[in-house]
Colleague: 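This structure is in structure tokens; I'll ask about it shortly.
Lettering of chains follows the sequences in order, A, B, ..., and the numbering in each one begins at 1. Values below: all heavy atoms of this structure, side chains included; hydrogens, waters and symmetry mates excluded.
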Amino acid sequence: LPICPNGSVNCQLSLEELFDRAVKLSHYIHFLSSEMFNEFDERYAQGRGFIAKAVNSCHTASLTTPEDKEQAQQIHHEDLLNLILGVLRSWNDPLIHLASEVQTIKEAPETILWKAVEIEEQNKRLLEGMEKIVGRVHSGEVENDIYTPWDGLPSLQLADEDSRLFAFYNLLHCLRRDSHKIDNYLKVLKCRLIHDNNC
Amino acid sequence: LPPEKPRIIKCRSPEKETFTCWWKPALDGELSTNHTLLYSKEGEEKVYECPDYKTSGPNSCYFDKKHTSFWTIYNITVRATNEMGSNVSDPHYVDVTYIVQPDPPVNITLELKKSERKTYLVVTWSPPPLADVRSGWLTLEYELRLKPEGEEWDTVFVGQQTQYTARSLIPGKKYIVQMHCKPDHHGLWSEWSPEMYTEIPPDFGVKDMV
Amino acid sequence: LPPEKPRIIKCRSPEKETFTCWWKPALDGELSTNHTLLYSKEGEEKVYECPDYKTSGPNSCYFDKKHTSFWTIYNITVRATNEMGSNVSDPHYVDVTYIVQPDPPVNITLELKKSERKTYLVVTWSPPPLADVRSGWLTLEYELRLKPEGEEWDTVFVGQQTQYTARSLIPGKKYIVQMHCKPDHHGLWSEWSPEMYTEIPPDFGVKDMV
């Protein structure tokens with residue numbers, strides 16, 4: 001019999017291992033997104049009142065996602081998985097542009113540049129993992145339709161410095177929020193599907 | 001005179017399900033002043049009034065589960081009114097995600113163990129009762145601090161585990177141990193738990209040292 | 001004769017992003033033998049060939065980021081072929097998370113301190129550069145070993161901390177210290193760091209101990 005790395009007979013990663021890795025990755029992505037937002041906020045947004053303007057302006061706002069514990073617990077796990085996939089897909093395009101456009105910010109510190117590239121790569125990796133998890137959990141075909149387009153590239157390239165900085169602020173604010181949602185939902189799903197709500 | 005401008009002091013959520021805001025009342029002078037808390041939620045025009053002025057005591061507004069949403073910015077103001085007029089606080093922007101401050105950990109136990117002539121201390125604890133960590137909605141991280149009486153604290157970040165083994169302890173010393181916790185990512189450290197004590201037995205191997 | 005059966009010796013990933021496999025070539029005898037590494041991924045029929053035989057040196061295959069997935073188990077074989085025929089190794093199953101072997105910790109410092117006539121040693125260190133940058137993604141645990149020259153190692157598991165205080169040291173002895181580290185769940189211990197030395201001052205208070 002082949003010696004499988006984790007001792008499983010058919011040499012396949014268990015759902016628990018897939019979820020363990022997905023949660024570790026979503027935690028890491030949110031940790032990076034949070035740090036990047038804080039660094040940008042400290043360096044470029046102090047006293048500009050950006051938070052008041054950043055209200056209700058995320059490109060993923062149209063996706064109805066659970067906003068409290070009860071909603072997160074009542075939603076069917078397949079729907080929540082598809083929502084996570086939808087949010088992740090919706091960030092593919094903006095993250096590609098963020099990684100390149102952030103280089104154009106005046107004196108952008110290396111730590112912000114590196115994080116933008118790292119988040120883009122890890123987001124793709126998490127998407128790969130989530131498609132694998134959904135494939136395992138889903139009875140039917142993996143739904144591909146949840147997705148919200150992003151049309152924010154022009155605003156990242158505006159001539160007016162203040163408007164451009166607000167566009168970055170808003171994108172990083174939304175990235176911090178959405179990556180936290182994904183991390184939180186994955187932790188709820190893992191406890192529900194793997195640990196029978198007894199984490 | 002109309003009342004001074006009131007000020008929202010802070011908002012806190014103890015378990016990432018409900019939250020409370022407190023304000024500093026406008027100075028009354030002689031006239032009686034009453035306060036009204038108003039809020040609107042991101043993506044909605046509607047303005048609501050505080051759902052519950054009672055539960056969290058004076059000069060406070062308590063938002064129960066039904067009124068608490070995450071990843072949503074609340075725009076909160078307080079208006080002070082007396083016979084002569086009224087005055088509104090500056091807006092206070094709150095996303096409940098970032099204001100969670102749990103209670104300290106509970107059921108802390110200290111157990112001395114010995115192996116190969118060395119004593120070490122096994123500390124175990126449980127999450128605060130209010131915090132529902134079982135469902136995964138709230139994930140807590142813990143930090144422990146210990147010190148021989150009279151000396152500097154040694155603080156250790158323990159992550160999400162609920163057990164820690166302390167090594168290289170000074171034989172014969174009385175140690176103090178405290179724990180606190182915080183939601184992963186965002187929120188505030190809880191208060192420190194009450195102090196726990198344990199005495200490390202003197203080192204019987206002293207005679208080998210001569 | 002056709003070549004003997006080749007054997008995959010090991011596969012390692014330094015940082016959970018790329019990995020390399022090495023094989024023991026089949027004995028050639030006289031005929032020239034070449035080796036091909038083939039792999040498939042769990043749940044897929046498709047068979048791929050090694051993307052890069054060069055980067056990691058002879059008899060090796062290097063999988064860069066694009067070819068490294070940690071959502072799957074790789075089924076890897078090596079085929080040796082000469083004029084007379086070919087022979088295929090047993091399958092080697094690889095899960096990247098299980099083969100992570102970081103580099104040793106760096107910036108190790110040893111500092112002697114004295115309190116109440118007793119000397120103790122404070123050891124501090126940093127994670128290897130590759131892992132440090134991705135904290136939270138690659139969480140490392142550390143182990144320290146120390147011994148007076150010529151005696152048995154005393155090994156201490158220190159967890160995720162980057163500092164340790166060693167007590168009950170023998171005055172006047174020369175101590176050797178080494179560190180290694182490993183990913184917190186699966187993976188392998190790094191090599192030991194280079195040896196570090198420190199001399200414990202003779203205990204002037206020895207006469208009080210008699």
Colleague: Kindly assign one of parallel, tilted or perpendicular to the pair B:Trp137 and B:Phe70, based on the angle between their ring planes and the thresholds 30° and 60°.
Modeller: perpendicular

Colleague: Using modelled atom types and a 3.5 Å cut-off, is there a donor and acceptor pairing between side-chain atoms of B:Glu143 and backbone atoms of B:Met179?
Modeller: no

Colleague: Would you mind checking which part of A:His180 comes under 4.5 Å of any heavy atom in chain B, side chain (CB onward), backbone (N, CA, C, O), both or neither?
Modeller: both

Colleague: Check B:Phe19, B:Tyr39, B:Tyr62 against B:His67 for a side chain to side chain contact (heavy atoms under 4.5 Å, CB included) and give me the one that passes.
Modeller: B:Tyr39

Colleague: Sort B:Asp95 into side chain, backbone, both or neither according to what part of it lies under 4.5 angstrom from a heavy atom of chain A.
Modeller: side chain

Colleague: Look at B:Leu138, B:Thr72, B:Val96, B:Thr68 and state which one has the largest set of heavy-atom pairs under 4.5 Å with chain A.
Modeller: B:Thr72

Colleague: Which of parallel (below 30°), tilted (30 to 60°) and perpendicular (above 60°) describes B:Trp189 and B:His180?
Modeller: parallel

Colleague: Apply disulfide bond (SG atoms under 2.5 Å apart) to B:Cys61 and B:Cys50, showing your working.
Modeller: CA-CA 6 Å; B:Cys61 175; B:Cys50 165; 2.2 Å; yes

Colleague: What residue, out of A:Glu70, A:Arg176, A:Gln73, has the most heavy-atom pairs lying under 4.5 Å from chain B?
Modeller: A:Arg176

Colleague: Return yes if some donor-acceptor pair links the side-chain N/O of B:Thr162 with the main-chain N/O of B:Ser126 below 3.5 Å, else return no.
Modeller: no

Colleague: Please look at B:Glu17 and chain A and tell me whether the side chain, the backbone, both or neither of the residue comes under 4.5 angstrom of a heavy atom of that chain.
Modeller: side chain

Colleague: Which one wins on heavy-atom pair count under 4.5 Å against chain B: A:Gln71, A:Lys187, A:His195?
Modeller: A:Lys187

Colleague: Counting heavy-atom pairs closer than 4.5 Å to chain A, which one of B:Ser135, B:Gly43, B:Ser69 comes out on top?
Modeller: B:Ser135

Colleague: When the ring planes of A:Tyr169 and A:Phe40 are compared, do they come out parallel, tilted or perpendicular, using 30° and 60° as the limits?
Modeller: tilted

Colleague: Between A:Asp178 and chain B, which part of the residue has a heavy atom less than 4.5 Å away: side chain, backbone, both or neither?
Modeller: neither

Colleague: With a 4.5 angstrom heavy-atom cut-off, is it the side chain or the backbone of B:Thr139 that approaches chain A, or both, or neither?
Modeller: side chain

Colleague: Go through the atoms of A:Ala54 and report whether side chain, backbone, both or neither lie under 4.5 Å from a heavy atom of chain B.
Modeller: backbone

